[in-house]
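One structure below.
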Amino acid sequence: MKWHVHQLKKYQHKPLLIDETVDVSELKKMDHEIRDTSPVHVIGKVDVSSDKATFHLQIAGTLVLPCSRTLVDVKLPFDITTTEHFLLQPVDYEVDEDFHETDGEVVDLLPVIMENILLEIPMQVFAENPNKEESAPQSGKDWQVITELEKEEKVDPRLAGLAKFFENDK
């Protein structure tokens, strides 16, 4: 999703409509928690003035992330509405973080779309009804998952002798 500045300036007095599907599989390299991505549907319009282009976008798609409890795949749909501003001419002063600068003479929207998707990922994702077969293993070589009740009932074998110390009070 790239436009040359001269292409955008042709739409200075009329809106440019966007309706495209974008591949954002590069997100898997940026965030290792992301297991898979669907193609992302981007719709919106661009308002162009003499010095800036304003993109009004709606970004929709699905990410596959691991469940925080069981590590099963969880499909996380997202639907983001955002407004992004690009400066079309280089400026001598420091640019506010609400504005993006062009890369030479090219406005590249894909990094902005990927940034917005990354910001939508929650800290924890939980599966609705995880299957026992699909979830993370509950035991392995020299380890197993125990519940809080099992933890309280089970006495460390190294300390079992100390429990008898106070029983025989002579």
Side-chain angles (χ1 to χ4, degrees), residues 1-3 15-47 52-87 94-103 106-163:
M1 299 194 65
K2 295 181 183 182
W3 293 273
L16 168 65
L17 299 178
I18 300 172
D19 188 0
E20 292 189 33
T21 301
V22 183
D23 178 32
V24 291
S25 59
E26 182 106 359
L27 285 173
K28 293 188 278 188
K29 295 177 187 172
M30 299 170 88
D31 186 351
H32 297 291
E33 289 285 311
I34 299 174
R35 294 182 176 172
D36 197 15
T37 61
S38 71
V40 174
H41 189 225
V42 180
I43 57 174
K45 71 174 189 167
V46 185
D47 296 324
K52 73 176 181 175
T54 303
F55 290 81
H56 305 279
L57 304 172
Q58 184 172 3
I59 306 164
T62 305
L63 295 175
V64 177
L65 300 168
C67 174
S68 296
R69 282 191 207 118
T70 60
L71 299 178
V72 299
D73 288 349
V74 177
K75 290 187 178 185
L76 179 72
F78 59 87
D79 192 0
I80 305 165
T81 303
T82 184
T83 302
E84 303 293 335
H85 306 279
F86 280 86
L87 294 176
E94 189 170 320
V95 178
D96 187 14
E97 62 186 43
D98 292 338
F99 289 90
H100 304 282
E101 294 186 81
T102 60
D103 185 22
V106 176
V107 174
D108 189 5
L109 201 56
L110 189 59
V112 175
I113 291 170
M114 291 194 299
E115 178 183 331
N116 277 294
I117 294 170
L118 287 173
L119 289 173
E120 284 294 312
I121 297 174
M123 296 288 274
Q124 293 182 333
V125 180
F126 297 108
E128 291 292 322
N129 296 317
N131 296 334
K132 289 286 186 182
E133 300 85 36
E134 295 177 3
S135 65
Q138 299 297 306
S139 63
K141 183 179 179 186
D142 298 331
W143 68 274
Q144 74 177 24
V145 177
I146 59 172
T147 64
E148 288 294 321
L149 292 174
E150 291 172 344
K151 182 178 177 182
E152 292 173 4
E153 294 172 0
K154 191 174 182 180
V155 177
D156 189 349
R158 297 173 290 177
L159 303 175
L162 288 176

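What you are looking at is a predicted structure, and each value in this text was computed from that prediction instead of being measured.
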Subject >> L63: which of I34, V24, V125 passes side chain to side chain contact (heavy atoms under 4.5 Å, CB included) >> reply: I34
Original post:
Just wondering, do I117 and F78 contact through their side chains at under 4.5 Å, heavy atoms?
Top reply: yes
Original post:
When rounded to the nearest 0.5 angstrom, what distance separates CD1 in I43 from CD1 in I59?
Top reply: 10.5 Å
**OP:** May I ask you to decide if V112's main-chain N or O and N116's side chain share a donor-acceptor pair within less than 3.5 Å?
**Re:** yes
**OP:** May I ask you to test the K45-I18 pair for a side-chain heavy-atom distance under 4.5 Å?
**Re:** no
Original post:
Can you tell me how far CD of Q58 sits from NE2 of H56, rounded to the nearest 0.5 angstrom?
Top reply: 13.5 Å
**OP:** Let me know which of T83, I80, L109, T81 forms a side chain to side chain contact (heavy atoms under 4.5 Å, CB included) with L57.
**Re:** L109
Subject >> CD on E120 to OG1 on T82, rounded to 0.5 Å >> reply: 9.5 Å
Original post:
Which value, rounded to the nearest 0.5 Å, describes the distance between I121 atom CD1 and E33 atom CD?
Top reply: 8.5 Å
Subject >> Closest heavy-atom pair and its distance - C67, A127 >> reply: SG-N, 3.3 Å
**OP:** May I ask you to test the K2-V107 pair for a side-chain heavy-atom distance under 4.5 Å?
**Re:** no
Original post:
Roughly how far, to the nearest 0.5 Å, is CE of M114 from OG1 of T37?
Top reply: 10.0 Å
Original post:
Does anything in residues 17-29 pair up under side chain to side chain donor-acceptor pair (under 3.5 Å), and if so which pairs, sequence neighbours excluded?
Top reply: D19-H41, D23-S25
Subject >> Closest non-hydrogen atom pair, S68 against F126 >> reply: CB-CE2, 3.7 Å
Original post:
Which of parallel (below 30°), tilted (30 to 60°) and perpendicular (above 60°) describes F86 and F55?
Top reply: perpendicular
Subject >> Side chain S38, main chain T62, donor-acceptor under 3.5 Å >> reply: yes
Original post:
Between CG of L118 and CD1 of I113, what distance do you get to the nearest 0.5 Å?
Top reply: 12.0 Å
